[in-house]
**Student:** 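The structure is given below, and queries will be raised subsequently.
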Amino acid sequence: RLNSLVNYTTDGYTFLHTILAITETEGILLECNGIFEYVDTENIEPIPLTEEWLLKMGFKKLGSNVLRCGVIQYRTGLLKKGMTGYNSCFMFGVKPIYHIKHVHQLQNLYFALTNEELTIKL
């Protein structure tokens, strides 16, 4: 989705980029520090979602296992139905949302739920 953050690797170096456009003919338009470039998808990787990224995205710690940003809450130590063991998950109200493992997935979810971009402080 446009405005999603991704890692782009070129010449052995990885840089954080924002997706500005997706076209069939020219590829994906990325922006990094005011530099714009069309690239193929082969060197684009998702950014793993970590607590550090959650804090950069405005999540606030509410306790040792809970972070919240607006309508979304991140909880660790919840038992997922049908599984043995504990997982981390995002919560929208009382509904758990699993399988969010990358920054762009959370950006997309937040936009879908709020119709606003998730602000990220780098």
**Student:** Can you hop from Ile120 to Leu54 via hydrophobic side chains spaced under 4.5 Å?
**Tutor:** yes

**Student:** Show the atom names and distances, to 0.1 Å, of all donor-acceptor pairs under 3.5 Å that link a side chain in residues 32-44 to residues at least two apart or in another chain.
**Tutor:**
none

**Student:** With a cut-off of 3.5 Å and sequence neighbours excluded, list every side-chain donor-acceptor pair involving residues 1-23.
**Tutor:**
| unit_1 | atom_1 | unit_2 | atom_2 | d |
| --- | --- | --- | --- | --- |
| Arg1 | NE | Asn108 | OD1 | 3.0 |
| Arg1 | NH1 | Glu117 | OE2 | 3.2 |
| Arg1 | NH2 | Glu117 | OE1 | 3.1 |
| Asn3 | ND2 | Glu117 | OE2 | 3.4 |
| Ser4 | OG | Arg1 | O | 3.0 |
| Ser4 | OG | Asn108 | OD1 | 3.4 |
| Thr9 | OG1 | Thr14 | OG1 | 2.9 |
| His17 | ND1 | Phe15 | O | 3.2 |
| Thr23 | OG1 | Glu26 | N | 3.0 |
| Thr23 | OG1 | Gly27 | N | 3.1 |
| Thr23 | OG1 | Gly27 | O | 3.0 |

**Student:** Answer with yes or no whether the hydrophobic clustering places Leu62 together with Leu55; edges join I, L, V, M, F, W, Y residues whose side-chain heavy atoms lie under 4.5 Å apart.
**Tutor:** no

**Student:** Between His102 and Ile47, is a side chain to side chain contact (heavy atoms under 4.5 Å, CB included) present by the stated rule, with each step listed?
**Tutor:** CA-CA 5 Å; His102 300 106; Ile47 301 166; 5.9 Å; no

**Student:** Report yes if the side chains of Leu49 and Gln105 come closer than 4.5 Å at any heavy-atom pair, otherwise no.
**Tutor:** no

**Student:** First locate atom CG of Leu106, then atom NZ of Lys101, and finally report the distance between them rounded to the nearest 0.5 Å.
**Tutor:**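 Leu106 atom CG to Lys101 atom NZ measures 14.5 Å (nearest 0.5 Å).
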
**Student:** Could you state whether Phe90 and Leu118 fall into the same hydrophobic cluster, counting links through intermediate Ile, Leu, Val, Met, Phe, Trp or Tyr residues with side-chain heavy atoms under 4.5 angstrom apart?
**Tutor:** yes

**Student:** Met91 vs Val66, test: side chain to side chain contact (heavy atoms under 4.5 Å, CB included). Steps then yes/no.
**Tutor:** CA-CA 10 Å; Met91 304 286 290; Val66 178; over 6 Å; no

**Student:** Taking the side chain as everything from C-beta on, heavy atoms only, tell me whether Ile72 gets closer than 4.5 Å to Thr114.
**Tutor:** no

**Student:** To the closest 0.5 Å, what do you measure between CD (Glu51) and NZ (Lys56)?
**Tutor:**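 That separation rounds to 12.5 Å.
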
**Student:** Using side chain to side chain contact (heavy atoms under 4.5 Å, CB included), reason through Lys60 and Arg68 one step at a time and then give a plain yes or no.
**Tutor:** CA-CA 5 Å; Lys60 304 286 184 213; Arg68 176 183 284 265; 5.8 Å; no

**Student:** Find out if a path of hydrophobic residues (ILVMFWY) with successive side-chain heavy-atom gaps under 4.5 Å connects Phe111 to Leu109.
**Tutor:**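 No, because Phe111 and Leu109 fall into different hydrophobic clusters, even though each may have its own neighbours under 4.5 Å.
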
